[in-house]
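Reviewing the structure listed below.
Residues: numbered from 1 along the sequence shown. Order of appearance sets the numbers: ligands from 1, and atoms from 1 within every ligand. Bear in mind the structure is a predicted one, so any value in this text is a computation, not a measurement.
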Amino acid sequence: MCGIIGIIGHEPVNQAIYDGLTVLQHRGQDAAGIVTSDGRKLYLRRDNGLVKDVFNERHMAMLQGNMGIGHVRYPTAGSSSSAEAQPFYVNSPYGISLAHNGNLTNAHVLKKELYRQDRRQINTESDSEILLNVFAQELLSQDALHVTPGDIFAAVEGVHRRCKGAYAVVAMLTRDGLVGFRDPNGIRPLVYGVRETPHGKEFMLASESVALDVQGYRLVRDIEPGEAIFIRPDGQVFTRQCAQNPSYNTCIFEYVYFARPDSIIDNVFVHKARMRMGRKMAEHVMREWPDNDIDVVIPIPDTSRTSALEMAYTLGVPYREGFIKNRYIGRTFIMPGQAKRKKSVRQKLNSLALEFKGKNVMLVDDSIVRGTTSQEIVQMARDAGAKKVYFASASPPIKFPNIYGIDMPAAKELIAHGRTEEEVAQAIGVDRLVYLPLPDLIAAVSKGNPRLKAFDCSVFTGHYATGENGDYFAELEALRNDEQQTNREKNMVAIDICNSD
Ligand SMILES: O=P(O)(O)OC[C@H]1O[C@H](OP(=O)(O)OP(=O)(O)O)[C@H](O)[C@@H]1O
Ligand SMILES: NC(=O)CC[C@H](N)C(=O)O
Ligand SMILES: [Mg+2]
């Protein structure tokens, strides 16, 4: 999952993009980048690291201009080389830079096609560089000296025809303005907002509405699946539906884990959706286990707090913060490599023995993916003196890979893959395990927006809206399993073509 942002205003946007990226940091911790334009030239800085580490004062001073885009990266394709940090740039036509959240599933085919048919050289293993080149090629084929909104929309139609997978995109044409678009399934989120200033309106496109809130932008609306938006430097806004059969298939995992609770995605308040998940979880427990002996509900910080609180309230059981989180350790699930993830769980969370001693504790997490967190935490609860350890996951068992922007490429690395619920309970070492059933999860989210009839639930169901088959998954697993990635990173030396210090 990555975070993307684009701003077009009447004053330099460097600081505003930086601030927006820090608000989106939870979506990607590996690399960050900003590109700005003063209408004639662009200025780019991108590198591996957190936002606060990638940009120093000198970089910020050099990022000139009143429009720009930014990216925080959580890699799902290629490697974690700094050469794959985003935004990417191509000079033809018009000079385009692009930041992408999602994952293309036909990147290999497109890469060949770009070379053979379009004579374009792709320099990295990143699918986002491919996406940029497809967009550029489609724009080039409009053959216009001065780009019009019609040219932009025709190019996005071309992207939709050629690209498969998930993509929420912000792009910048160095002289002409900002572009945003979402794939026809709307798998990844993208919103746009406006703020009034004494000089006129300023516009922001962002992965999540929280980026708008903190800088005083008003959320106008989500970009629709398949839709594109083009905003000129003079503030003219153009939008058009560019897909033949668009439909909402928002990734349900955004609501479960990825998004911040204070964001609104496709008109559903994430915080409220998580509260409903907690309530439904409690109702499920009361139905399936009416004579339970739960003494206390304890969340596994951070993300599960909202649902755990509501679950405890509905069950009528005390809620206690039994794990204290080290606020200087980031999210563990999106860290690269199993060894680092495992170590970080211990560094991140410490138990408060007095909340566990002699009690039957119900630990609550938003999800169990590889089981890294749950295995460690259950042991910590036992070490802290818990009598019985129960576990509730506020989402169903995750059994299938994600191919749309979450780095879960290998089914065999998922703890629930090929295991029954009892076997997962045994593997993580709990006395009882409860999962939120899928219909309850869907109901918890869709209550916020009845227009959302379908979601991307592929990690739970194995059903993929873009129709990938067995061969694709076998190749993906071979290429991106944890061991392969770790070996690749060990041997990697990053060489870039255009990064400055
Ligand atoms: O089963 P696993 O592979 O461990 O993955 C699931 C865990 O990872 C996430 O937490 P994370 O630490 O990333 O972020 P958070 O602080 O937002 O909860 C998620 O909230 C679960 O706790
Ligand atoms: N998580 C994402 O959205 C990743 C974007 C892109 N596929 C990359 O690997 O850089
Ligand atoms: Mg967590």
Heavy atom of E84 under 4.0 Å from ligand 2? no
Ligand 2 contact by G78, heavy-atom criterion under 4.0 angstrom: no
Please compare K342, R370, R341 and report which has the shortest non-hydrogen distance to atom 2 (P) of ligand 1. R370
Looking at atom 10 (O) of ligand 2, what's its closest protein heavy atom, distance included? R73 NE, 2.6 Å
Between Q137 and N133, is there a side-chain donor-acceptor contact under 3.5 Å, judged purely by atom types and distance? no
For atom 6 (C) of ligand 2, the option (of A166, A168, S128) bearing the nearest heavy atom: S128
Polar contact flag for R331 and ligand 1 (N/O pairs, less than 3.5 Å): yes
So is S126 close enough to ligand 2, meaning a heavy atom under 4.0 angstrom away? no
Just so I know, are the side chains of P301 and L349 near enough to count as touching, which here means a heavy-atom distance under 4.5 Å? yes
Filtering R260, M408, Q375, K348 for the heavy atom nearest atom 16 (O) of ligand 1 leaves K348
Numbered atoms and elements of ligand 1 in range of I368, under 4.0 angstrom, heavy atoms: 1 (O)
Report yes if some N/O of T76 lies less than 3.5 Å from some N/O of ligand 2; otherwise report no. yes
Going by heavy atoms in the side chains, are I415 and Q375 under 4.5 Å from each other? yes
Quick one: does ligand 2 sit under 4.0 Å from the side chain of Q86, the backbone, both or neither, non-hydrogen atoms only? side chain
A student checking ligand 1 against T332 at a 4.0 Å heavy-atom cut-off should list atoms 11 (P), 12 (O), 13 (O)
What protein heavy atom sits nearest atom 2 (C) of ligand 2, and how far off is it? C2 SG, 2.8 Å
With a 4.5 Å limit on heavy-atom distance, are the side chains of E208 and V270 in contact? no
Atom pairs and distances, side-chain donor-acceptor, residues 363-374, under 3.5 Å, sequence neighbours left out:
residue: R370; atom: NH2; partner: D407; partner atom: O; Å: 2.9
residue: T372; atom: OG1; partner: Q338; partner atom: NE2; Å: 3.1
residue: S374; atom: OG; partner: G371; partner atom: O; Å: 3.3

